[in-house]
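One structure below.
Residue numbers begin at 1 in each chain, while the letters A, B, ... track the order of the sequences.
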2 protein chains.
Amino acid sequence: MATSIIDVAKRAEVSTATVSRALRGLPNVSAATRERVLRAAEELSYSVSPHASSLASGRTGTVGVVVPFVNRWFYSQVLAGVDSVLRAHDLDLLLYNLGDERVHERFFTRMPLRRRVDALIVLNLPLSAAESEALVSMEVPIAVLGGSIPGCWHVSIDNQEGASTAVRHLINLGHRRIGMITAAPGDPRGFTTPIVRQHAYRTVLAQAGIAYDPDLEVPGHLSIDEGASAMAQLLSLAEPPTAVFAESDQMAFGALRTLGRMGLSAPDDVSVIGFDDHETAELLDLTTIAQPVAHQGELLARQILDALSGGDEEPTQVVVPTRLVVRGTTGAAREHPPRYHSTPRPGPEPDQHSTTAR
Amino acid sequence: MATSIIDVAKRAEVSTATVSRALRGLPNVSAATRERVLRAAEELSYSVSPHASSLASGRTGTVGVVVPFVNRWFYSQVLAGVDSVLRAHDLDLLLYNLGDERVHERFFTRMPLRRRVDALIVLNLPLSAAESEALVSMEVPIAVLGGSIPGCWHVSIDNQEGASTAVRHLINLGHRRIGMITAAPGDPRGFTTPIVRQHAYRTVLAQAGIAYDPDLEVPGHLSIDEGASAMAQLLSLAEPPTAVFAESDQMAFGALRTLGRMGLSAPDDVSVIGFDDHETAELLDLTTIAQPVAHQGELLARQILDALSGGDEEPTQVVVPTRLVVRGTTGAAREHPPRYHSTPRPGPEPDQHSTTAR
DNA sequence: CGGCGCGTTGTAAACGTGTGCATGAGAACA
DNA sequence: TGTTCTCATGCACACGTTTACAACGCGCCG
C-alpha cells in the first residue's frame, strides 16, 4: 500500500496541506472540501503514516509504560486500567517490562524510550536517585504509581491508613500478640511502601499499649513461598502470635498454606489478614485490605492526559482509599490461646500437603 | 535536546551518512572513523530519532501484540514471555488490549497498527474470517497463539492430547461417571479450543465403553463463578458425577468453591481436574494439565524473529506438549459412591462460605 | 467605491534519518 | 608504470507528514 497523502490530494483535487487539515478535523476547512477529502481517503483506503506524522509534528501519540513484572496480578491489573483510558483517547501503549535485573540496567543505560514517547507511566518501580533523574531528563510528563519523583504526577494508596486499619481490626478482635510478615526493603533504592506499613503496625500496637516484640516481625519477599516460611518462623516462636498481618495477599496465601500443612487453620488457631484483595483472596476467604487496582491505572492515564492536553498545570498527587474486607480468616481471639501441636491434627490424609477446600 | 545526526557529523568531521553507518555498525567504515563518531555521539549524548529512522528505512523496530485480556493470568504470562525475547533483540512492544467488545470493533475498523509495526503477535483472539483477513492484509509476519490463520506462524498446545490425558486420568482412578465443565463457544468466531477438548472428552469416554450422557456436560464462561455454578448444576443431577474435568483451572477453582460451600470435598466426594496449571492451582492443590505458558510467548517471539530476519522461510507451526500434574483433588473412585447431602457436614462454622485451608 | 478582515487554500520548508550512486585513494597485479 | 579492484567516504535525494506563511476571494463597513 504505497498510498500516501499525495495520492489523496490528487484525487480530491486539493493540496496535501488541505488533506492533512481535513483528516485531522482542523476547523479552517470548508465542509465541502472536507467531505471530498474524506471520500478520497476512504476510496484509497488511506491511513496516515504515524512515523512521518511524528517526525513532522514532534508528537508521537504514544506513552511508555514501565512495569517491574507484567505477569504479576497487581501490575497486569493496573496495566489494564491504564490501557483502557489511553485506548479511549487513541494513544498507543509501549510496554517495558523490567523484571530482570539486566534488562533494568540496560534500560537505563540505553534509554530506548527517548524521543519515542510523549509521556511515561512508571508502575511501582524501585528506582535509584540517578535512575529517577534519567527519567526526568527525558523531559516528558511522568506519572508514578506508589513512588515519589520530584516534578512528577503521583498516584498511590494510603498505606499508613490501610496498614493501621488491618492491625486495628486484629486488635478489635481481642488479639494482643500480633505478628507481621513484612516485605523487607532489601533494596537500596527508594521503595517506601513496606517501611510505611511496618511503621503503621508498630504505631498502632503502641497506641494500644502492646509492647513491641521484634521477633514478631518477619521479613521476606513478596511471594507465596516467602510468606509460607515467614509463617513457619512465627509459629516456631516460644510464644507464637494469635494473629498475623501479612504485607500482601500473596504472602498471606503462603501463610495459610503453612497453617494447613501444620494442621492448623485460620481463624481458629491463628487469624490472618492480607493486603491487596488479590483475585484469589475471595476464593481462599482471606480477610484483607482492598485497594482499587485497575482504578489506579486509570487515574495514572488520566493524569497523563491532563499533562498532555492541559498546558502547564502543576502535577497532582492523588491518594486513593483502601477498604477493609472482612472474610473468614480473621476471628475473635480465644480466652486461652491454643497450644500449638508439632504434629498435624487428625484428618483424612494427614500427611498430604494440601490447603484445598475439604 | 535538539541534537541531531548533523551535530554528530560536524563534531566528528564526517558526513551524516558515515555517522549513520558507524552508529549502526555497518561493515564498511574504518575503525578510526567509527571510534571518532562513537565518541562524538557519546559526548553529545545523542540518540537517533526512531521516527525519522523508521520513515527513512521503512522498518519500525516494533511488533504489535494483540491480547484479549492483559489482566488475566494466562495472557500476562504469555506476554512476559514475548517481552523477554523481543526485548533481548531490541524490538519494541506495542500492546493492544481488546477485552472490551467496542475496543475490539474499533480496532478492526481503524486498524491503528497499519504501518506502525513490523510484525504482529495475536494471542488467542477469537476472530471472524473478515477480521483475520484484515490482519493478513497488513502484509507483515503474524504469529498466532491457539488459533489458525492461513499463511501465519502458529504456536499452540495439543488440546486433544491434554484433554484426553485428563479424562484418562480420571478413568484410571476408577471413575465411570465423569462430568465436564466446558467453555461453551458462544461466539460465532473461530475459537476451536473448547470444541477440541470436548471432543476428546467424549472420545475417551467412548473408548472406555462409558455411555455418553449430555447432562454431564455443563457449559459456562471461563471464570470462577461460572465454574462454581456449573458444578452446582452437576451436583444437582439425579445421579451426580464422581469426577469432573474442568476446561480451565479458573473454572475448577469455582467448582472447588461450590464443593466447599456444600460441605463436600475433593477428592473424597468428587475428584476434580483442571487445565492450565494456573499459579494458584498449586495453592489449592488442584490436579491439572499443565501447559508451558511463558514458553509459548517466547516461541511466538522467536517465530517473529525468524520471519523478520530470515528472508522468506515458510511459516512454521509448533505444538508444545502438555503435562499431567497430579495433586490432591483427584483420587480413586469409591466402591460405593457417596450419597450427596443437601446440608453441610458438621464443622466449626457450618454456614461460613469458605474454601480456606482448615 | 476602497479598504479591511475573515475564512479557505496553496506553497514550500522543515522534521531526522537511510541509502543508491559517485568519487577518490590506495593496493594488488600484470 | 598503467590498469583494475576494493574499501572508505561524501553527495543528494527520498521517506510522508505538519505547519508557518502567503495568497486569494469575498462580504462588510466607512
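Residue B:Val14 is in sugar-phosphate contact alone, with no base atom involved, counting any heavy-atom pair closer than 4.0 Å across all strands shown. Note on B:Thr33: only backbone sugar-phosphate atoms sit closer than 4.0 angstrom, heavy atoms only; bases stay farther off.
Listed by first and then second residue, the salt bridge (Lys or Arg N to Asp or Glu O under 4.0 Å) pairs involving residues 69-84 of chain B are B:Asp83-B:Arg87 (not counting sequence neighbours).
Between D:dT9 and B:Ser30, a contact under 4.0 Å exists linking OP1 or OP2 to a side-chain N or O. Between A:Arg34 and C:dG7 there is no side-chain polar atom (N or O) within less than 4.0 angstrom of OP1 or OP2. For C:dG10, one of the phosphate oxygens OP1 or OP2 lies less than 4.0 angstrom from a side-chain nitrogen or oxygen of A:Ser15. The phosphate of C:dG16 (OP1 or OP2) has no side-chain N or O of B:Ser4 nearer than 4.0 angstrom.
Here A:Glu133 pairs with nothing under the salt bridge (charged side-chain N to carboxylate O under 4.0 Å, His left out) rule; sequence neighbours left out. B:Arg24 is linked by a salt bridge (charged side-chain N to carboxylate O under 4.0 Å, His left out) to nothing, counting only residues two or more places apart in sequence or in another chain. With sequence neighbours excluded, no residue forms a salt bridge (charged side-chain N to carboxylate O under 4.0 Å, His left out) with B:Arg34. Contacts of B:Thr33 classified as side chain to side chain donor-acceptor pair (under 3.5 Å), with partners at least two apart in sequence or in another chain: B:Ser30. Residues passing the ring-ring contact (aromatic ring centres under 6.0 Å, His included) test with B:Phe69: none are found, sequence neighbours excluded. Applying the ring-ring contact (aromatic ring centres under 6.0 Å, His included) rule to A:Tyr75 yields no partners; only residues at least two apart in sequence or on another chain are considered.
In this structure, A:Gly64 and A:Leu113 approach most closely via the heavy-atom pair CA-CD2, 4.3 Å. Residues A:Val19 and A:Val14 come closest through the heavy atom pair CG2-CG2, 3.7 Å.
Between A:Ile5 atom CD1 and C:dG10 atom C1' there is a gap of 13 Å when expressed in whole angstrom units. Atom CG of A:Leu55 and atom C1' of D:dC15 are 9 Å apart (whole Å). Rounded to a whole Å, the CD1 atom of B:Ile6 is 14 Å from the C1' atom of C:dG18. When rounded to the nearest whole Å, the span between CG of B:Asn28 and C1' of D:dG10 equals 13 Å. Taking atom CD of residue A:Glu13 and atom C1' of nucleotide C:dG10, one finds them 15 Å apart after rounding to whole Å.
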Interface polar pairs with nucleotides 19-21 of chain C, N/O, under 3.5 angstrom:
{"unit_1": "C:dT19", "atom_1": "OP1", "unit_2": "B:Arg59", "atom_2": "NH2", "d": "2.9"}
{"unit_1": "C:dT19", "atom_1": "OP2", "unit_2": "B:Arg24", "atom_2": "NH1", "d": "3.1"}

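The C1' atoms of five pairs define one axis at each end of the helix from C:dC1-D:dG30 to C:dA30-D:dT1, and these two axes lie 50° apart (to 10°).
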